[in-house]
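One-based numbering, in listed order, for ligands and for the atoms of each. In this text, all values refer to a predicted model and were calculated from it rather than measured experimentally.
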Amino acid sequence: MVRKDRARMKVIETIEKMRKLRKALAAPVGLVPTMGYLHEGHLSLVRQARAENATLAVSIFVNPTQFGPKEDFTTYPRDIERDLKLLEKEGTDIVFMPPEEEMYPAGFNGWVEVGGVTERLEGKCRPGHFRGVATVVAKLFNITQADRAYFGQKDAQQAVVLKKMAADLNMNLEIIILPTVREPDGLAVSSRNSYLNAEERQAATVLYKALCRAQELWAGGEKDAEKIRRVMKALIQREPKARIDYVSIADAETLEELETVKAGALASLAVKIGKTRLIDNVVVG
Ligand code: AMP
């Protein structure tokens with residue numbers, strides 16, 4: 001059972017209660033959508049949202065519709081009590097954590113589809129993923145009526161897709177993207193890092209090493225995207241535990257692959273380390 005008698009923080013589990021409460025909230029309301037199992041990446045968003053808004057709302061919902069049938073929805077790490085303690089410490093006003101039936105009642109069948117930018121990279125490897133993401137985030141925006149929403153650059157394509165969704169559908173809020181938080185050895189902090197054993201954890205440093213190599217090559221004058229992709233792939237392939245899903249150097253807005261790399265391009269990759277699929281990116285220049 002989740003303890004709900006927290007000093008100041010309100011834990012809300014139904015849409016109806018969230019709507020009622022919303023009317024009384026001080027503006028602006030900042031929202032940080034998460035799937036829980038919180039780490040320093042999430043907390044960086046929470047802190048920034050806390051600093052910039054009169055009311056801080058954080059949602060915790062492991063969204064089934066953004067997972068493929070063979071993906072890790074059922075095994076995705078969860079620790080609600082720990083999450084609530086961390087959020088309380090950060091001065092969170094509201095935690096919205098609806099059960100699945102609340103978000104997807106029987107007969108649910110309304111979807112948000114963003115075209116174009118969802119067709120590449122993660123969208124290609126994970127069909128339906130961004131439909132699930134866009135749908136749940138649109139629902140969270142509607143339910144919380146937030147003035148600002150905070151997301152991480154760690155999920156660079158997600159950030160592009162959600163900004164496009166908000167612009168194309170005239171959603172009345174500001175979307176703020178914050179930098180990727182990393183471990184001291186460069187690995188991007190992620191809930192999925194908890195799947196890695198000690199050897200895999202070591203092997204996982206290859207993602208950021210490949211991204212840094214791209215950055216170095218570009219700074220050293222190499223502007224041929226294919227050459228940079230090739231060096232990145234070779235570096236990753238030297239790690240026996242790593243299997244590449246994709247290595248990309250793309251336009252940061254359209255996500256189309258580039259021939260010539262300009263400053264501001266998005267170098268991104270998805271690599272399986274053992275059974276764990278990790279993603280990371282850097283903006284070149
Ligand atoms: P998730 O719980 O994985 O859905 O992530 C919730 C939010 O935290 C998303 O906007 C992510 O992009 C963001 N996030 C996840 N990892 C990091 C990180 N290492 N640095 C910054 N933001 C992150």
### Query
What do we get for His39 next to ligand 1 when only non-hydrogen atoms under 4.0 Å count, side chain, backbone, both or neither?
side chain

### Query
Counting only heavy atoms, which portion of Leu178 has something under 4.0 Å from ligand 1: side chain, backbone, both, or neither?
neither

#### Entry: Glu226 atom CD, over 12 foreign heavy atoms within 6.0 Å
yes

### Task
Can you pull out the closest protein heavy atom to atom 21 (C) of ligand 1? Residue, atom name and distance to 0.1 Å, please.
Pro179 O, 3.5 Å

## Note on the structure
To the nearest 0.5 Å, atom CD of Glu71 lies from atom CZ of Arg126 at 4.0 Å

### Query
Heavy-atom distance to atom 3 (O) of ligand 1: which of Phe61, Tyr37, Tyr76 wins?
Tyr76

### Heavy atom of the protein closest to atom 17 (C) of ligand 1 (residue, atom name, distance)
Lys154 CB, 3.7 Å

### Location of contacts on Met35 toward ligand 1, heavy atoms closer than 4.0 Å
both

### Parallel, tilted or perpendicular: rings of Tyr76 and Phe67 (30°, 60°)
perpendicular

### Query
Quick check: does Val181 get an N/O under 3.5 Å from an N/O on ligand 1?
yes

### Message
Looking at every heavy atom in both Ala134 and Leu162, which two are closest together, and how far apart are they?
### Response
CA-CD2, 4.2 Å

### Query
Of the protein's non-hydrogen atoms, which lies at the shortest distance from atom 12 (O) of ligand 1, and what is that distance?
Asp155 OD2, 2.6 Å

### Message
Counting only nitrogen or oxygen atoms and a 3.5 angstrom limit, does His42 reach ligand 1?
### Response
yes

### Query
Does atom CZ of Arg78 have more than 12 heavy-atom neighbours from other groups under 6.0 Å away?
yes

#### Entry: Salt bridge flag under 4.0 Å for residues Glu122 and Arg277
yes

### Message
I need the nearest protein heavy-atom contact for atom 22 (N) of ligand 1: residue, atom name and distance, please.
### Response
Gly152 CA, 3.5 Å

### Query
Quick one: CG on Leu173 to CG on Leu31, what's the gap to the nearest 0.5 Å?
8.0 Å

### Message
As an exercise, identify every atom of ligand 1 less than 4.0 angstrom from a heavy atom of Val189.
### Response
16 (N), 17 (C), 18 (C), 19 (N)

### Message
I need the atoms of ligand 1 closer than 4.0 Å to a non-hydrogen atom of Pro33, numbered in the order shown.
### Response
6 (C), 7 (C)

### Task
Answer yes or no: does an N/O atom from Phe151 fall short of 3.5 Å to an N/O atom of ligand 1?
no

### Task
Decide, yes or no, whether a salt bridge links Glu16 with Arg19 under the criterion of side-chain N to carboxylate O below 4.0 Å.
no

#### Entry: Derivation and outcome, side-chain hydrogen bond (donor to acceptor under 3.5 Å, both in side chains), residues Tyr104 and Thr65
CA-CA 9 Å; Tyr104 298 110; Thr65 65; 2.9 Å; yes

### Query
Which of the atoms of ligand 1 are close to Leu45, meaning less than 4.0 Å from one of its heavy atoms?
7 (C), 8 (O), 10 (O), 13 (C)

